[in-house]
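See below for the structure under consideration.
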Amino acid sequence: MPRLKRQLRDAEGAIEVLKKINRDSEQVTTEKIYQEMDVQHALESHPSINGMCDYIGISRSGYYQREKRHNHQSP
């Protein structure tokens, strides 16, 4: 049961990401998807990044490489 709840939470997070991207953007980029994933991940429901990547169909490694680049940028 906990696994199904996690999968549902991840699927709902992915749906919200795609809705937001579709509504707000003329040009959909991977970066915009990643940004929306960050927003969803920070919410109380806390969907997992890996789960959202799987449902959306984008690379988890790409997301984590982006995070690594953002964390190593100098001010």
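Bear in mind the structure is a predicted one, so any value in this text is a computation, not a measurement. What's counted below: heavy atoms across the whole structure, side chains too, no hydrogens, waters or symmetry copies.
Applying the salt bridge (Lys or Arg N to Asp or Glu O under 4.0 Å) definition to pairs two or more places apart or across chains, those involving residues 42-62 are Asp54-Arg60.
In terms of modelled atom types and a separation under 3.5 Å, the side chain of Asp10 and the main chain of Ser48 share a donor-acceptor contact. Although no hydrogens or angles enter the test, the distance criterion places no donor-acceptor pair under 3.5 Å between the side chain of Lys68 and the main chain of Tyr63.
In terms of heavy-atom proximity, Pro47 sits nearest to Gly13 at CG-CA, 4.0 Å. Nearest heavy-atom pair, Met52 versus Met37, reported as atom, atom and distance to 0.1 Å: CE-O, 3.5 Å.
Once rounded to the nearest 0.5 Å, the distance linking CZ of Arg23 with CG of Leu18 reads 11.5 Å. Atom NZ in Lys20 sits 11.0 Å away from atom CD in Gln35 (nearest 0.5 Å). With rounding to the nearest 0.5 angstrom, the CZ atom of Arg66 is 4.5 Å from the NE2 atom of His70. Put simply, OH on Tyr55 and CG on Asn50 are 12.5 Å apart, with the number rounded to the nearest 0.5 Å.
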Could you pull out all donor-acceptor pairs under 3.5 Å where a side-chain atom in residues 2-9 meets a protein atom, sequence neighbours excluded?
residue, atom, partner, partner atom, Å
Arg9, NE, Ser45, O, 3.2
Arg9, NE, His46, O, 3.3

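Both Val28 and Tyr34 belong to a common hydrophobic cluster when Ile, Leu, Val, Met, Phe, Trp and Tyr are linked at side-chain heavy-atom distances under 4.5 angstrom. Transitive grouping of hydrophobic side chains (ILVMFWY, heavy atoms separated by less than 4.5 Å) brings Ile58 and Ile21 into a common cluster. Ile49 and Leu43 are assigned to two separate hydrophobic clusters, defined by single-linkage of ILVMFWY side chains at heavy-atom distances under 4.5 Å.
In this structure, Thr30 has no side-chain hydrogen bond (donor to acceptor under 3.5 Å, both in side chains) partners at least two apart in sequence or on a different chain.
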